[in-house]
Amino acid sequence: MERREVLRLSAVAGAAGALTLGTVRFADAAPGGGRPDGTSGAEQTHRLTGHLPTGTPDFVYLPVEVPHGVREIAVSYGYDKPTVPDGTAGNACDIGIFDERGTDLGGAGFRGWSGGARTEFFLRADDATPGYLPGPVNAGTWHIALGPYTVAPQGLNYDVTITLRYGAPGHTPDPVHPPEHARGRGRAWYRGDNHLHSVHSDGRRTPAEIAALARAAGLDFITTSEHNTTSSHRAWEGLWGDDLLILTGEEITTRNGHVLAMGTDPGVFIDWRYRARDNAFAKYARAVRRAGGLVIPAHPHATCIGCNWKFGLNDADAVEVWNGPYTPDDEVTLAEWDNTLVAHTRGRASWLPAVGHSDAHRDPDVVGLPQTVVLAEDLSRRAVQDGIRAGRVWIAESSKIDLAFTVTGERGEHAGIAERLDIPRTAKATARLEVSGAPGCTVSFVTDQGRLFTSPLPPSGAGTVTWQTTPDNAAYIRAEVRHPPTTPGLPGPMAAMTNPVFLGPGR
């Protein structure tokens, strides 16, 4: 038995916010007669079609009145992709679902999101499509959420089919989440990748495949960071070990940029349905921290639609300056981050640590290219986060590269990454970078005055480079290891880089 209902949207005021359409209602009784008490195994289906014009709000909710006795909800959808002129965005529409607890921002009703990665999904008590949360299918008004990411000039025609399957409700197993500690090596430099995607969002790899690739890349820790869902938090059972710490998190994917919630408590969902104009980001940054996570804007100058970071850096704990293989947009992010260091040395801002992650989704994306190397007291969630928050970090394209960076004074004073060499402004300071695993590369020392010293490494890629300056000449020093240039007018791709050492009397 199937009922067809057509909804037509002819006009929409404004592009922000959300639109709720008319409610879809299912009969209380299961098809074929009798009550939906778990004995009939019957199902009901509704199909909805509609049109969304240019200027549609960011989210369009399709309310579905779910009766008692439903075991499973299954949804499939599609939309047209008309030809558009060059330079004009075509149609792209995401999808997700909220249960009877509602669609309030930050509320409890979230049950899953697949963005544009899937055309169908299901959920029930004991199982769900990756990206969606298993749990009871309670009676009440559920909402299918359409996210018209871009709409062609002709508008977007959507087609949604909703199927309710009746039967015994089933049991939701208790989730098994990764432990917060691994054995580790005590106080040491640990390598990790905090930006990874699996089949639980728009990735193509399973958690098991990612864990294997992380170990092969020489990583000590990883963070699962799916787009706008926590469904992967329970998917790593049996994959962690003494050699691999697995943290849970989320890539909060808004229309005005993406941000990593790194190391949040398992199962804690952070909402994404707002823009910079809404002045809501500070609230959700606080929610990330309440959940024990770090706030890390991702690929701030990426060129994909909606990827460019528009919320500013005031609420961040670190910033991803290197995302995947090094490209010109990373160079722009690096320059912007370097400007924040200059502002800090002038007393105008706190300094923000730099990190780098792979953002790996599928082959041939390389897990651990790049990787964040953190000085932590042990291999644990809190210790790794503390190291990142403090800036005790350098970034490398692979585990083949190793380095040590220090700055020393004339009287034996010593400072490492993220520390201050507290010496008089005219005293001599010697920067020293030891590198291995970087054949064909060049070392540079960068300061608030720019790139002040450059030296090639030996052909083996292993060597020590030193440079002498004073705090008057360099308020901070950071090191870069680069490959030869591949793009005219730009420095070579990054092989490794450090956070700064600050020079001069402490404030």
Side-chain angles (χ1 to χ4, degrees), residues 182-185 187-196 205 209-223 241-246 320-327 330-331 334 353-376 379 384 387-388 392-406 416-417 431-446 454-466 478-487 491-499:
R183 175 173 293 175
R185 304 180 298 277
R187 181 178 171 85
W189 291 95
Y190 294 100
R191 296 172 181 264
D193 189 346
N194 298 311
H195 192 168
L196 293 163
R205 292 167 173 152
E209 290 170 330
I210 292 172
L213 290 169
R215 287 182 165 96
L219 300 183
D220 302 296
F221 65 91
I222 59 174
T223 302
D242 288 343
D243 63 330
L244 185 65
L245 174 70
I246 299 175
E320 188 183 79
V321 303
W322 183 354
N323 175 276
Y326 198 80
T327 57
D330 295 310
E331 198 69 48
L334 181 66
V355 294
H357 309 122
S358 73
D359 198 4
H361 285 69
R362 60 189 68 82
D363 293 340
D365 297 353
V366 178
V367 172
L369 169 59
Q371 50 196 247
T372 290
V373 190
V374 185
L375 179 60
L379 186 53
V384 168
I388 292 174
R392 299 191 299 267
V393 169
W394 56 276
I395 311 168
E397 65 180 1
S398 78
S399 60
K400 294 178 181 179
I401 295 182
D402 200 7
L403 64 77
F405 179 48
T406 58
I417 294 171
R432 178 186 178 92
L433 182 71
E434 299 177 42
V435 185
S436 62
C441 290
T442 298
V443 169
S444 295
F445 292 122
V446 183
T454 300
S455 175
L457 287 170
S460 66
T464 300
V465 178
T466 61
R478 59 180 183 83
E480 295 181 355
V481 183
R482 290 184 181 254
H483 295 283
T486 57
T487 302
M494 196 74 72
M497 59 169 284
T498 74
N499 274 283

Item checked: Pairwise distance OH(Y190) to CG(L375) - rounded to 0.5 angstrom -> 9.5 Å

Check: Can you list the residues that meet the side-chain hydrogen bond (donor to acceptor under 3.5 Å, both in side chains) rule with T498, with sequence neighbours excluded?
Finding: none

Notebook entry, point to check: Atom CD1 in I210, atom CG in L244: separation rounded to 0.5 Å?
Noted result: 11.0 Å

Notebook entry, point to check: With side chains defined as the heavy atoms from C-beta onward, is the minimum distance between L379 and F221 less than 4.5 Å?
Noted result: yes

Notebook entry, point to check: With distance as the sole test, does W394 use its side chain to make a donor-acceptor pair with the main-chain N or O of A396 at under 3.5 Å?
Noted result: no

Note to self: Quick check: closest heavy atoms across P370 and G356, and the distance to 0.1 Å?
What the structure shows: CG-C, 3.7 Å

When the side chains of residues 433-446 are checked against the rest of the protein, which donor-acceptor pairs come out under 3.5 Å, sequence neighbours left out?
residue : atom : partner : partner atom : Å
E434    : OE2  : R432    : NE           : 3.4
S444    : OG   : T454    : OG1          : 3.1

Notebook entry, point to check: If you look only at pairs with a residue in residues 363-372, which of them pass as a side-chain hydrogen bond (donor to acceptor under 3.5 Å, both in side chains), with sequence neighbours excluded?
Noted result: R191-Q371, R205-D363

Next item on the list: Please identify each residue that fulfils salt bridge (charged side-chain N to carboxylate O under 4.0 Å, His left out) with E331, with sequence neighbours left out.
Entry: R482

Notebook entry, point to check: Looking at F405 and A431, what are the two nearest heavy atoms and their distance?
Noted result: CE1-CB, 4.2 Å

Item checked: Minimum side-chain heavy-atom gap V355-N194 below 4.5 Å -> no

Next item on the list: Starting at CG of L403, measure out to CD1 of I417 and round the result to the nearest 0.5 Å.
Entry: 6.0 Å

Notebook entry, point to check: Passes side chain to side chain contact (heavy atoms under 4.5 Å, CB included), L196 versus V367? Steps please.
Noted result: CA-CA 8 Å; L196 293 163; V367 172; 4.0 Å; yes

Check: From I222 CD1 over to D220 CG, what is the distance, rounded to the nearest 0.5 angstrom?
Finding: 11.5 Å

Next item on the list: Compare every heavy atom of G463 with every heavy atom of P458, then report the nearest pair and how far apart it is.
Entry: CD-CA, 4.2 Å

Notebook entry, point to check: How far does CG of L334 sit from CE of M497, to the nearest 0.5 angstrom?
Noted result: 5.0 Å

Next item on the list: Identify, with sequence neighbours excluded, every residue that meets salt bridge (charged side-chain N to carboxylate O under 4.0 Å, His left out) alongside D193.
Entry: none

Checklist line | Heavy-atom side-chain proximity of E480 to M494 below 4.5 angstrom | finding: yes

Item checked: From OG (S399) to CG (L369), nearest 0.5 Å -> 11.0 Å

Note to self: For D243, is there an ion pair with R183 - N to carboxylate O distance below 4.0 angstrom?
What the structure shows: no

Note to self: Taking the side chain as everything from C-beta on, heavy atoms only, tell me whether V366 gets closer than 4.5 Å to S358.
What the structure shows: no

Note to self: Suppose we screen for side-chain hydrogen bond (donor to acceptor under 3.5 Å, both in side chains). Which residues come up paired with D330, at least two apart in sequence or across chains?
What the structure shows: T327

Margin query: Tell me whether N499 contacts the main-chain N or O of A354 through its side chain, where contact means a donor paired with an acceptor under 3.5 Å.
Written below: yes

Margin query: So H357 and W322, do their side chains get closer than 4.5 Å, heavy atoms only?
Written below: no

